[in-house]
Amino acid sequence: MFFKKTLSTNKQEKEKSKDADNIIPTNRERMSLEFRRRLQNSADIVETEVPGTGITLFYFHTLIDMNLLHKDIIEQIKNQSFHSIENIMGQLSVGIMDKTNQMDKVIQSAIGGHVIIHLEGADKVIYARIASNTGRALSNAINESQVIGPQIAFNESLSTNLSLIRKYIADPNLSIEDIRVGKRTTTAVSLIHIHGIANQQMVDILRDRIKKINMDGLIDSSVLVQLIEDNSLSIFPQMVLTERPDRICSWLLMGKLVVMVDGSPQAIACPQSFLEYFQSMEDKNVNWQVATFLRLLRIFALFLSVYFTAIYVASLTFHYEVIPQTLLIPLSESRARVPFPPIMEALIMEFFIELLREAAARLPTKVGQSMGIVGGIVIGTAAVDAGFTSNILIIIVALGALASFTTPNYSMGNIVRVLRFPIIVLAGFWGFYGIMFGFCFILIHLLRQSSLGTPFLTPFYPPRLADWKNSIIRLPLTFTAKRPNQTRPEDVDKYNPSVAKEKE
Amino acid sequence: MIKKRILAVYLLAFFNLTGCAEPQILEEIGLITTIGYDEGEKGLIKGTAVELKIEPDAKTDIKIVETQAYSVRGLNTSANKKTSKRLLAGQLRVILLGEELAHQRMLHISDTLAKDPAISDLSYLSIVEGEARDLLNLQDPHIPNIGLHLFRLIEQNTKDEIMPSATLQEVLHRYYSAGRDPFIPILKKIDNSEVKFTGVGIYKDDRLVGRISTDQSFYLKLINDKYKAGSTELIFMSESPKLRGLSHSERKTVISLDTIHSNSDIKLVNKKNLEFDIKVKLNARLIDINSDIDLTKSSNLKLFEKEVSKEMEKRVENLIAYCQSKNSDIIGLGEVYRFSVRNSKLTKKKWHEMYPNAKVNVKVDFTMMRSGIND
């Protein structure tokens, strides 16, 4: 008890002295010393005295726009005398500025691209934001390209990205919340939702998760995803990353939440269901028959990609009964030359394909084209001629690889590829039992996952029949008047369905 | 901790349960696609197996393996002694029974085969006139794979509704059902170059007691089953001079029917003095007729339909009379009796006592859909 009290008084005293340290010095030399000391005497600190005014500017020349500095600040105040900093503020034509007497705040602002305006003798300083915009211009979506629909993609600047979203959704209810993550990087993270549609409880949970992150630095949104996912140990991502602003906006309108990180061209959206990874933005842009066809195709491709090679291995190793009689002769003929058991053969071929893909992904684009030739020749013909593998397996492996590319989401595509290997091994050791075991294992795992608390396999489990209209099929827009149950929206109706069905 | 234990239990169960999966790598096994059984000397069974043996450099893909043993399983063991690859019967499609063996041991063989989980219950059973071994050794440049040829032949004819279907499952089902007897189609080798479907062998219990012709097998299916797209040719002596054939020497009428749709209904009308009504509704397209009757006239059409119905009735009656004389109920009248009479406690023996004396009234209602003849 006693000790506690003394400790607490000590603390208070310390804080007091700290507060005293934190007050900015009125004297220019002392201010300069303090500023440089706190910023480790960095070489890019510039200290400019505006002649004849007693004003000194402190800033990082690497962070600010020098043109703006001259035009909007120095030009406005030079050769005038000021009595108080309020006078100076009146003269400046900078949009974002404020005054403070706290040294901490000064340092933070300087790092954030502000210029610090210090008047000799004044007890406060002005900090004005004239940050330079280094970064690339907006460009086409490369990773998630589509034929019909907007072509623009996010870039690394958070403010640009937010402006893109604002442009699509000119709704006063669009709420953008600023959260800082990372003790050292203090990266700006924006939590975006549409107030009145998005479920408030979900917003609270997500905000809480982001705020509780205790990391030194955050560079990209893909790292943030791993930190705020429901189960980061799972191989399946439970929140989706996208570079398409149109996609993000359509999700916001569905009641989803979006998180954007400054410096990252990809936005996070949640809650996300497993099926949505196999939907593309283009499904909404083409008519419903085509969209349904494409979605069914992708689901088929998913099974093809994960199980086709495994079925080949299982039926050749254990279940020769299931092979159609017409296939028996070509199958055994091509297998007769191969010296490996089916499982080895399949693993070698899959390994080849993965090597090829990884090599093509890492190579510069110019060299990448030659990979196709190498792959085509080596895997296509030479492997068969050399008796390394059977030509039927080549078709199967190539089909499986092709099918895995149809997954619209890159990270899910990776997982589809990886899942194949354990299934092949299971098939090679235990045949169809093994495949079934693998299938059940994956299914049960998926059943147990959740995305921001919503079930991952919705709308199939738990069954939400109303949401089936827009799942592996897509019905016409007149049928989907309600927002999906998955996001538990506060406003359920997108529009009045009875009005929508009337046609002029 | 508990979770880990549960996981361990699951894994253990998985490894134990699937530990029996025995690798049977395709190119290391010899696949038997067709097997023929014949009666050997002193109770031996002669087995002739068509082995699908893929050697990239060999001229043919099949090899005939002949062995003898006292049991069906024993055949497999002794056949293995002759081959470089382990023989397995999982791709078995056709089972042939030599005529002699089919008389006595059909049940024994099909029962044993059905018990093997690797063998498909949908394999076709066939009786061979003469020896199965003889048929499987058929040499013809256009039949490089006799196994595949037989399978295609049976499958094609069964699908086209020419041959009554007799798979392993169907035959055993008909045998074990009280009030029904099995039948198996008969194949014959002709001139060492062809195989032909020549008739249907009919059984009383597990004894081959008689055979019906391929024409009669059409009526068997007509009563037993439904036609969806059958076809047949009917040659008969018409009572009406209008319908008399022009081209036939005896002035018999020859008609050809196509796209036959039929359904039949068997009813028990008298339980005491066993009496059944068989009603068959049948409509078809007439594609050929050798008389010059004008079928656009409705009176002629009625006459024609009546004549055909009558002829068919006669043939069905003949078929049933023949089966009754052999005491073989391939139509399954006993099943109709069994589900029409409460607590009948029908056994095969009881039914075979009642069946020959049953009275069967046949009514065929034929409708011509289209004549297809240019006017």
>> Heavy-atom cut-off 4.5 Å, strictly under: side chain, backbone, both or neither for I29(B) against chain A?
In response: side chain
> How far apart are the closest heavy atoms of Q91(B) and E321(A), and which atoms are they?
Replying inline: NE2-O, 3.5 Å
> How long is the gap from OH on Y320(A) to CD1 on I25(B), to the nearest 0.5 Å?
Replying inline: 13.5 Å
> Counting only heavy atoms not in K188(B), do more than 12 fall under 6.0 Å of its NZ?
Replying inline: no
>> Take a 6.0 Å sphere around OH of Y175(B) and say whether it holds more than 12 heavy atoms from other residues, nucleotides or ligands.
In response: yes
> Can you find a pair of side-chain heavy atoms, one from V338(A) and one from E27(B), that are under 4.5 Å apart?
Replying inline: no
>> I'd like to know whether OH of Y10(B) has more than 12 heavy-atom contacts from other residues, nucleotides or ligands below 6.0 angstrom.
In response: no
> CD of Q156(B): more than 12 outside heavy atoms within 6.0 angstrom?
Replying inline: yes
> By a 4.5 Å heavy-atom criterion (distance strictly below it), what part of Q24(B) contacts chain A: side chain, backbone, both, or neither?
Replying inline: both
>> So, taking the atom named CG in D61(B) and the one named CD1 in I329(A), what distance separates them when rounded to the nearest 0.5 Å?
In response: 4.5 Å
>> Counting C-beta onward and ignoring hydrogens, is there a side-chain heavy-atom pair between L26(B) and L328(A) closer than 4.5 Å?
In response: yes
>> Tell me which one of N145(B), T33(B), L52(B) satisfies side chain to side chain contact (heavy atoms under 4.5 Å, CB included) with Q325(A).
In response: T33(B)
>> Less than 4.5 Å to any heavy atom of chain A: does that hold for the side chain of I119(B), its backbone, both, or neither?
In response: neither
>> Which atoms of F151(B) are under 4.5 Å from chain A, going by heavy atoms: the side chain, the backbone, both sets, or neither?
In response: side chain
> Would you find more than 12 non-hydrogen atoms of other residues, nucleotides or ligands less than 6.0 Å from R209(A) atom CZ?
Replying inline: yes
> What are the two closest heavy atoms between R93(B) and I323(A), and how far apart are they?
Replying inline: NH2-O, 3.8 Å
>> Around atom CZ of R337(A), are there more than 12 heavy atoms from other residues, nucleotides or ligands closer than 6.0 Å?
In response: no
